[in-house]
2 protein chains.
Amino acid sequence: MPPFQAKTIVRMRKPVKRINMRELAANLGVDRATISRALSSDKAHLVSSSTRERIRAAATLAGYRPDLMAATLRRGRSNTVGIMVSDMMNEVLIRVVREIVADLNRDHLKGPGLTPLIAETGDGSDGVGHLLRTFLSQRVDAIISLTSTEGDAEALEEAAAEVPVVLAVRGITAIDLPSATCDDEAGGALVAEHFATHHHRVICQIQGPQTVATFKNRAAGFSRLCREAGMREIPQGLSTAAAVSSEGRLAADAILASSTRPTAVFAHNDGLALGFIEAMRNHGLAYPDDFAIVGFNNTEISRVLARPLTTVEYPVAQVSRHAAALVRALVGNRDFAWESQVFAPMLIDRGTGRKC
Amino acid sequence: MPPFQAKTIVRMRKPVKRINMRELAANLGVDRATISRALSSDKAHLVSSSTRERIRAAATLAGYRPDLMAATLRRGRSNTVGIMVSDMMNEVLIRVVREIVADLNRDHLKGPGLTPLIAETGDGSDGVGHLLRTFLSQRVDAIISLTSTEGDAEALEEAAAEVPVVLAVRGITAIDLPSATCDDEAGGALVAEHFATHHHRVICQIQGPQTVATFKNRAAGFSRLCREAGMREIPQGLSTAAAVSSEGRLAADAILASSTRPTAVFAHNDGLALGFIEAMRNHGLAYPDDFAIVGFNNTEISRVLARPLTTVEYPVAQVSRHAAALVRALVGNRDFAWESQVFAPMLIDRGTGRKC
DNA sequence: CCGCTCATGTCAATCGATTGCACAACTCCT
DNA sequence: AGGAGTTGTGCAATCGATTGACATGAGCGG
């Protein structure tokens, strides 16, 4: 028996033609120009209120829907923003996308607003480049790139020559683009400081891949504050191949096998923390009694655990709002003197970082 | 101190103009028509190979990028597919979106391919309707709707009059649209059958909201097989307000408080299962020794638990492939005699459904 | 050497909405 | 009454690519 079976149903369907502005104009006995103005938000005042209402009523009645392609062609602006996200499974990224979308849609009421086009970067050879080219061909008015890497610098720079490009969540150093990011160095330091406050003396971190700037910064901030607070960090630089739970489990095994054990563990994200916790359970250990533990990102899983996890909240709202603000400002005026901003994360203390 | 601080950097940037077909034609001393044909995939044979190569070389050199808006306007086709997803945090939905996107991009090599436009249904008053209208204004060639509800029927029907609309993951009964869905009834039955095989006699299910067809079907299938296999189901119809872990926890409390306890529990999704597990742990109980438990969706969390969960794998690949196939066929030929398909899910046995 | 076909290209109309400019009808003011 | 504004609409050009109709010239058989 095949693993998946299928049941089937068959049917058909007939198409319907859409009405265009010319036809609507003919029906109403007015010029297309008048219709265009009556339906627009910024030029509506040029039309007498009586005809304006007549036109609007007729338009909705006839189910008239303007062809945005034609409008874009003529106008040279599409009122569209391309949002490029590296990984749609990442909770933080999706939250940022959501908030940006909500933000951009908000002013849909007054003015034309900006319609977001979301796309995930394929892991193909030239996913980013291809996506950028697609966006530009679609004539987006701006592009927001979430979690770009240094390798994308060239492609992004090229795109930035044509339309505003805004970086969110992760900036890149090779080129200077407007960005809204998180201060991961401060985030790492925040956790170390928390451990210091709770009198931990020997601590360690389970680091995400150090090729990723995010994790590098978290590690640096954590280590810096360790030194400053006179805490001992062991083992130095326990780095993983990926920031996922299975790697967290491996790291836990290493820590448990070591002779000197830390009393507190900082996992670079909640996935790693979860892996660590699972491994602890296998060894009959519990947190925070045997190990204090702090994660990062305040993902759903960290909240729903029987013992909710102390973790670091990513400044999602701030990053999203600033990214959206940058886009709006730059779309309105390409010479806008923008400011890149770095937002500090915030520790959510749920008690698992305290000494037992 | 404010929870989030900000650091700042300021810079500026200058724009660049894009080249259009007319200019490229002037540079090369050929007609725009020749360029159009040389660059197209289907009419390229009308141009001599020498000029074709000359044009292509010059085009890439000049960084010429055709304006898809203009092309769409003239052609009446955008080679674009709108993908509407109800919840981007849902792992199954995102996996389906991903596979559909990958599938649609695949034939980008030969032929123009279809570019997916992804958007999340706002939870606003008329999220679906608004999104559909936006898509239609963008002149998408087809629309794929993931997890539509019966309430969307009217809006979908209207859209379907203009372009092909394909439903994925969840079908609706009010109208007859091509769809690629999962046989949730069979999924529920699968779990009950598994329990029967492992000699459970008294079992129960933690149901997702029964207003959602998905959960209703799972419940029905499970109950049907319970009766057929002569198992006792208690308490009948333990339904939750949302399919999330906190609700699973509440359900667990109810079950533990009851006098006759089941030996096996079917949670309608992995989130509910997780909540149940957490509550068990709080009571010092462990699975599958105290309760056998089976979830649904094979989400990441079910895999990374210290004791990975027996769960039901959603037929993501099948659903995605069929949805993409439907779209491709219908875009090519609106009178295509389509078939809706219902794919059966598959039980992933990780041992937590067996009797202790 | 004539007419014919075929291969290459060019011409110009077209898709649908937007907008600068022109103009008519009115209001006001002296 | 006549000139200066003010409104409200219409006209027509325009955005950039596509494509059916047509022109040109080469090649070729009779």
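Numbers restart at 1 for each chain; the letters A, B, ... are given by sequence-line order, proteins then strands. Source: prediction; values computed, not measured.
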Rounded to whole Å, please give me the gap between [atom1] in [X] and [atom2] in [N].
{"X": "B:Arg65", "N": "D:dC15", "atom1": "CZ", "atom2": "P", "result": "19 Å"}
{"X": "B:Leu73", "N": "D:dT19", "atom1": "CG", "atom2": "P", "result": "12 Å"}
{"X": "A:Met21", "N": "C:dT14", "atom1": "CE", "atom2": "P", "result": "20 Å"}
{"X": "B:Arg75", "N": "D:dG20", "atom1": "CZ", "atom2": "P", "result": "13 Å"}
{"X": "B:Leu39", "N": "D:dT19", "atom1": "CG", "atom2": "P", "result": "13 Å"}
{"X": "B:Ile35", "N": "D:dA17", "atom1": "CD1", "atom2": "P", "result": "9 Å"}
{"X": "A:Arg54", "N": "D:dG8", "atom1": "CZ", "atom2": "C1'", "result": "13 Å"}
{"X": "B:Asp67", "N": "D:dC15", "atom1": "CG", "atom2": "P", "result": "12 Å"}

Identify whether any heavy atom of [X] sits under 4.0 Å from a base atom; if not, whether one sits that close to sugar-phosphate; answer base, sugar-phosphate or nothing.
{"X": "B:Asp31", "answer": "base"}
{"X": "A:Ala71", "answer": "sugar-phosphate"}
{"X": "B:Thr34", "answer": "base"}

N/O donor-acceptor pair under 3.5 Å between B:Arg52 side chain and B:Ile35 backbone: no
Expected output: side-chain B:Asp141 to main-chain B:Arg77 donor-acceptor under 3.5 Å: no
OP1 or OP2 of [N] sitting under 4.0 Å from any side-chain N/O of [X]?
{"X": "B:Arg22", "N": "D:dG16", "answer": "no"}
{"X": "B:Lys43", "N": "D:dT19", "answer": "yes"}
{"X": "A:Ser40", "N": "C:dT18", "answer": "no"}
{"X": "B:Tyr64", "N": "D:dA17", "answer": "yes"}
{"X": "A:Thr72", "N": "D:dC15", "answer": "no"}

Side-chain donor/acceptor contact of B:Arg74 with base of C:dT14 under 3.5 Å: yes
N/O donor-acceptor pair, side chain A:Arg52 with base D:dG8, under 3.5 angstrom: no
A:Glu150 and A:Thr173: side chain donor to acceptor below 3.5 Å: yes
Pairwise 5' ranking along DNA chain C for B:Arg139 and B:Arg32, keeping only the more 5' one: B:Arg32
First encountered from the 5' end of DNA chain C, between A:Met69 and A:Ala33: A:Met69
Contact check, side chains of A:Asp103 and A:Ser320, non-hydrogen atoms, under 4.5 Å: no
Of the nucleotides [options], which one has an atom closest to the side chain of [X]?
{"X": "B:Asn20", "options": "D:dT9, D:dA17, C:dG16", "value": "D:dA17"}
{"X": "A:Thr51", "options": "D:dT19, D:dA17, D:dT9", "value": "D:dT9"}
{"X": "B:Arg37", "options": "D:dG8, C:dT8, D:dT19", "value": "D:dT19"}

A:Glu158 atom CD, over 12 foreign heavy atoms within 6.0 Å: no
Minimum heavy-atom distance B:Met88-B:Glu120, with the two atoms named: N-OE2, 3.0 Å
